[in-house]
Amino acid sequence: MSTHLRHLITLQNMDASTIQHLLNRAESLREACAHGTRRIELLRGRTVLNLFFEPSTRTRTSFELAARRLGADVVNFDIAGSSTSKGETLLDTLHTLEAMHLDALIVRHRESGTPEFLVHHAASAVCVVNAGDGNHAHPTQGLLDALTIRQHRPNFNLLTVTICGDVLHSRVARSDVHALQALGARAIRLCGPRALLPDPSEFPGCTLHEDFDDAVEGSDVIIMLRLQKERMIATLLPDEAAYFERYGLTQERLRRSASGALVLHPGPINRGIEIASEVADGTQSRILEQVANGVFVRMAVLAELLAR
Ligand code: CP
């Protein structure tokens with residue numbers, strides 16, 4: 001691996017060898033677990049704290065499982081029941097938690113830049129892992145998506161990938177693009193209604209599309225995104241039925257893609273809005289494989305950051 005990771009904040013500017021190294025490590029851990037290994041005591045005596053200011057099912061649970069399977073102690077910080085509700089600031093919360101000798105802080109926050117802010121203000125040797133900040137980055141999702149694709153299509157330079165939905169607000173899209181470009185994906189198409197497409201200057205090397213039927217044509221991988229209404233400051237969309245009509249991934253649209261194209265979605269999925277149930281549950285769906293890979297990718301990241 002070319003650089004030693006101290007924190008994991010973004011995949012932007014991460015080189016291909018570092019990404020491949022993390023994916024290889026995740027794959028080795030997956031194989032060890034498949035052969036019956038229940039716990040690998042790499043992180044015995046280490047403490048990992050989940051600090052989630054936004055809801056999560058997959059990321060929080062898989063970080064907890066990952067840390068426990070590596071032998072670490074895990075604390076799930078209860079934001080609603082914490083002294084943040086009495087006005088304690090983020091920095092005071094950080095320093096209070098640090099005083100209890102944490103080794104890693106897994107942070108999700110609605111504000112882009114919060115994990116980096118914590119890196120700059122952490123007084124101790126705590127490692128910070130970004131579990132999703134605003135629309136900025138979700139690096140472990142980018143890694144687990146890359147791993148899922150690599151398991152089926154190892155030659156990234158042959159791949160056309162379409163990412164469809166609320167790209168504007170999506171930290172997943174940003175981290176996926178950074179990983180896919182580092183790994184050499186041939187073409188990346190970003191698709192959605194004009195109001196949900198980003199400024200093209202933010203995604204050099206990608207093409208932007210408003211017509212999903214065109215964007216899906218010949219694609220090897222289709223990554224569907226949820227409409228993130230919690231990040232929309234005004235109603236940017238027609239009603240959900242009209243959205244599904246134009247941007248929902250149906251079986252009929254899937255037939256326009258390359259034979260056997262992979263269907264991914266970071267979850268949570270909204271059936272009948274961005275994806276039809278028959279596609280989400282169909283033979284080309286890799287959605288539950290993504291979830292399973294999330295545990296191994298997060299084990300790899302924690303092992304990389306924390307193993308002595
Ligand atoms: N993909 C993802 O981040 O899911 P959660 O919000 O459930 O963690």
Side-chain angles (χ1 to χ4, degrees), residues 8-12 22-23 26 48-69 74-80 104-115 128-149 151 161 163-180 192 196 221-232 249 262-271 273-275 279-281 285-302:
L8 180 61
I9 305 300
T10 175
L11 300 182
Q12 190 161 24
L22 288 167
L23 303 190
V48 172
L49 186 132
N50 273 329
L51 184 62
F52 279 58
F53 290 90
E54 280 191 330
S56 169
T57 295
R58 282 146 283 269
T59 313
R60 196 178 72 100
T61 309
S62 58
F63 264 115
E64 179 173 355
L65 280 173
R68 287 193 197 285
R69 286 184 187 169
V74 182
V75 179
N76 288 310
F77 188 78
D78 172 18
I79 299 287
L105 203 52
I106 317 298
V107 187
R108 171 171 287 191
H109 202 283
R110 67 189 164 280
E111 297 291 342
S112 296
T114 300
V128 178
V129 181
N130 182 3
D133 61 329
N135 65 6
H136 170 239
H138 193 348
T140 54
Q141 183 73 45
L143 291 170
L144 76 89
D145 288 350
L147 180 64
T148 307
I149 295 168
Q151 286 164 350
V161 181
I163 302 177
C164 180
D166 184 1
V167 182
L168 182 69
H169 298 104
S170 177
R171 54 199 178 205
V172 174
R174 286 166 177 79
S175 289
D176 280 350
V177 168
H178 293 145
L180 289 164
L196 296 180
V221 179
I222 305 160
I223 302 175
M224 299 305 297
L225 301 172
R226 181 176 68 87
L227 293 176
Q228 300 197 40
K229 291 183 182 161
E230 69 275 24
R231 296 190 213 290
M232 294 181 192
L249 184 59
L262 312 176
V263 175
L264 277 69
H265 191 310
I269 62 175
N270 291 129
R271 293 167 185 264
I273 299 178
E274 70 266 5
I275 190 165
V279 177
D281 302 329
S285 172
R286 303 290 164 230
I287 296 171
L288 293 179
E289 291 175 34
Q290 290 173 268
V291 176
N293 282 330
V295 177
F296 305 115
V297 158
R298 287 163 181 134
M299 286 175 82
V301 166
L302 291 175

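Bear in mind that the values here come from a model prediction, so they are computed numbers and not experimental data. Residue numbers run from 1 in the order of the sequence given. Remember, it's 1-based here, ligands and their atoms both numbered in the order they're listed.
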**Request:** For atom 2 (C) of ligand 1, find the nearest protein heavy atom and state the residue, atom name and distance (0.1 Å precision).
**Result:** Thr59 OG1, 3.5 Å
**Message:** Consider side-chain hydrogen bond (donor to acceptor under 3.5 Å, both in side chains). Of Gln141, Glu54, Arg108, which one does Thr59 pass it with?
**Reply:** Arg108
**Asked** So, does Gly267 sit close enough to ligand 1 that a heavy atom of it is under 4.0 Å from the ligand?
**Response** yes
**Prompt:** Which protein heavy atom lies closest to atom 6 (O) of ligand 1, and at what distance to 0.1 Å?
**Reply:** Arg108 NH1, 2.9 Å
**Request:** May I ask you to identify the nearest protein heavy atom to atom 4 (O) of ligand 1, giving residue, atom name and distance to one decimal place in Å?
**Result:** Arg58 NE, 3.0 Å
**Under 3.5 Å: N/O of Pro266 near N/O of ligand 1** = yes
**Message:** Distance check, rounded to the nearest 0.5 Å: Asn50 atom CG versus Ile79 atom CD1?
**Reply:** 10.0 Å
**Message:** How long is the straight-line distance from CG of Asn293 back to OG1 of Thr140, given to the nearest 0.5 Å?
**Reply:** 12.0 Å
**Asked** Do any pairs count as a salt bridge (charged side-chain N to carboxylate O under 4.0 Å, His left out) and have a residue in residues 128-137, sequence neighbours left out, and if so which ones?
**Response** none
**Message:** side-chain contact (heavy atoms from CB on, under 4.5 Å) for Leu8 and Leu22? Distances and angles first, verdict last.
**Reply:** CA-CA 12 Å; Leu8 180 61; Leu22 288 167; 5.5 Å; no
**Asked** Which of the atoms in ligand 1, numbered in the order shown and given with their element, are less than 4.0 Å from a heavy-atom of Thr57?
**Response** 5 (P), 7 (O), 8 (O)
**Fill in**
What one should report as the nearest heavy-atom pair of Glu111 and Thr114 is O-OG1, 3.0 Å
**Request:** Considering the heavy atoms of Gln141, write down every atom of ligand 1 situated less than 4.0 Å from one of them.
**Result:** 1 (N), 2 (C)
